[in-house]
Amino acid sequence: MRHLTANLLWKRIWRHKLFYLFMLPGIIWFFLFSYVPLYGIQVAFRDFMFSGGFTGSPWAGLKYFEQFFSYYQSFELIRNTIVISLLKLLIGFSMPIILSILLNEVRNVTFKKTVQTLSYLPYFVSWIVVVTLMQRLLTPYGGPLNDLLSSFGMEPIQFLNNTTWFYQMIVGSDIWKNIGWNSIIYMAAIAGIDQQLYEAAKIDGAGRFRQVWHVTLPGIRNIAVILFILSVGSLMSAGYEQLLLLNGPATAAIGSVLDVHVINSGIGEGRLSYAAAVGLFQSVIALILILTVNRIARKVSDVSLF
């Protein structure tokens, strides 16, 4: 029976060989850059030395994990990472869905393509440029926004390096930068919905809103669930570049996150084994979150990654 199943599998693969051929570059890329580097995980359990390499460095066991959890800021780092990631997920996850639905309802093709292009562009702009723009626009010393507020008799506001506005700046800039790019997959899913469903809804007297509610949203539900499961896996990663640039001494209590701590420890201080241990901790928690949410999604909606 197993031999027969294997033969059927290989026949099916050969029948669709062109599709697998197109997948081959991606498979090779993932193997080289995602699976081969897993060999380096052992650094987290060794007193790594460049002279000894992976195999020549002595074993340290759980020494560096204990160091992290005994570090006086470890709880603060974990808390800040989860809070910022949750805010990005809860607020930012729905924004690409809303944008894609709004664009789908636009009938002016020129306007639609213009908005799409403008929404994609920020994704290709580095965080250094984005933060520089924010500093120029939001500074209380001659910034356009504060000048506008002053013209209405309001006091200038310190938007950056201010705990009151920190989360708004982090989440807002993240949404602005990624909303267009993240909406592409939803636009593709909406384009794949059978147009006869919309015609049937119109015949039944459904307006634009009801068509969105009863046809568009169910049509992209599976994609949304899968992307949500993948997004949950990033709860332990709040974003290195953005937090490194927008966080400062005034916001360190709520803006210090694991990503920046790992880079600073590993590259800045040369504590590679310690940084690897913290990074492995992030990855293990992310895996647990994905498996948990995937199982819940499979029971609730019959949609899952595996």
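The only option from Y274, Y64, F69, F65 that meets the ring-ring contact (aromatic ring centres under 6.0 Å, His included) definition with F281 turns out to be F69.
Considering all non-hydrogen atoms of both residues, N161 and A250 come closest at O-CB, 3.5 Å. What you find for I84 and A238 is that their closest heavy atoms are CG2-CB, 4.0 Å. Closest non-hydrogen pair, L77 versus V257, comes out as CD2-O, 3.7 Å. In plain terms, the two heavy atoms of P140 and N146 that are nearest each other are CA-ND2, 3.4 Å. The two residues N80 and A252 come nearest to each other via the heavy atoms ND2-O, 4.2 Å. When every heavy atom of V225 is checked against every heavy atom of A297, the shortest pair comes out as CG1-CB, 4.0 Å.
Using a 4.5 Å heavy-atom cutoff, the side chains of S150 and P156 are in contact. Looking at heavy atoms from C-beta onward, P25 lies out of side-chain contact with I28 at the 4.5 angstrom threshold. Considering only heavy atoms from C-beta on, V232 stays 4.5 Å or farther from I290 through its side chain. Here the side chains of V83 and Y167 are in contact, with some heavy-atom distance below 4.5 Å. Using a 4.5 Å heavy-atom cutoff, the side chains of L243 and D259 are not in contact. Side-chain atoms of Y240 and V262, non-hydrogen and from C-beta on, never get closer than 4.5 Å to each other. The shortest distance between side-chain heavy atoms of F228 and V303 does not fall below 4.5 Å. Side-chain contact between H261 and Q73 is absent, with no heavy atoms from C-beta onward closer than 4.5 Å.
One finds the CE atom of M134 at 12.5 Å from the OG1 atom of T139 (value rounded to the nearest 0.5 Å). The CD atom of E105 sits 4.5 Å away from atom CZ of R208, with the distance rounded to the nearest 0.5 Å. Note that CG of N104 is 10.0 Å distant from CD of Q211, once rounded to the nearest 0.5 Å. In this structure, CH2 on W10 lies 14.5 Å from CZ on R15, to the nearest 0.5 angstrom. With values rounded to the nearest 0.5 angstrom, I101 atom CD1 is found 10.0 Å from Y186 atom OH. The distance from atom CD1 of I175 to atom CG of L99, rounded to the nearest 0.5 Å, is 11.5 Å.
Heavy-atom neighbours of R210 CZ from other residues, nucleotides or ligands within 6.0 Å: at or below the threshold of 12. Within a 6.0 Å sphere centred on CD1 of I128, other residues, nucleotides and ligands contribute 12 heavy atoms or fewer. Residue Y71 places its OH atom among more than 12 non-hydrogen atoms of other residues, nucleotides or ligands, all under 6.0 Å distant. Around OH of Y120, the count of heavy atoms belonging to other residues, nucleotides or ligands within 6.0 Å exceeds 12.
A donor-acceptor pair shorter than 3.5 Å can be found between the side chains of S173 and Q242.
V212 and M187 fall into different hydrophobic clusters, where Ile, Leu, Val, Met, Phe, Trp and Tyr are joined by side-chain heavy atoms under 4.5 Å apart, directly or via other members. In terms of hydrophobic clustering, with Ile, Leu, Val, Met, Phe, Trp and Tyr side chains grouped at heavy-atom distances under 4.5 Å, L87 and L258 are assigned to different clusters. Connection of I254 to I157 is established within a shared hydrophobic cluster, with ILVMFWY side chains joined at heavy-atom distances below 4.5 Å, either directly or through further cluster members. Taken together through direct or relayed side-chain contacts under 4.5 Å among Ile, Leu, Val, Met, Phe, Trp and Tyr, V129 and W181 form parts of separate hydrophobic clusters. L118 and I179 fall into different hydrophobic clusters, defined by Ile, Leu, Val, Met, Phe, Trp and Tyr side-chain heavy atoms under 4.5 Å apart, directly or through other members.
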Discussion item. D47 vs S57, test: side chain to side chain contact (heavy atoms under 4.5 Å, CB included). Steps then yes/no.
Written reply: CA-CA 6 Å; D47 284 317; S57 301; 5.6 Å; no
Discussion item. Would Y198 and T216 count as a side chain to side chain contact (heavy atoms under 4.5 Å, CB included) here? Give the steps.
Written reply: CA-CA 9 Å; Y198 289 103; T216 306; 2.7 Å; yes
Worksheet entry | side chain to side chain contact (heavy atoms under 4.5 Å, CB included) assessment of I223 paired with I185 | CA-CA 8 Å; I223 294 295; I185 191 168; 4.1 Å; yes
Fill in: Verdict with reasoning, F111 to L103, per side chain to side chain contact (heavy atoms under 4.5 Å, CB included)
CA-CA 9 Å; F111 178 76; L103 288 174; 6.0 Å; no
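S273 places no side-chain N or O within 3.5 Å of a backbone atom of A44 that could act as its donor or acceptor partner. For T251 (side chain) and N247 (main-chain N/O), no donor-acceptor pair under 3.5 Å exists by modelled atom type.
Between F22 and H16, the gap from one ring centroid to the other reaches at least 6.0 Å. If you look at F33 and F31, their ring centroids are not closer than 6.0 Å.
The salt bridge (charged side-chain N to carboxylate O under 4.0 Å, His left out) contacts involving residues 134-149 comprise nothing, where partners must be two or more places apart or lie in separate chains.
Relative to the six-membered ring of W14, K17 meets both conditions, a distance below 6.0 Å and an angle of at most 45° to the axis. Within the cation-pi definition used here (under 6.0 Å to the ring centroid, within 45° of the axis), K88 does not qualify as a partner of F93.
The aromatic rings of W165 and F159 sit perpendicular, their planes meeting at an angle over 60°, well past the 30° parallel limit.
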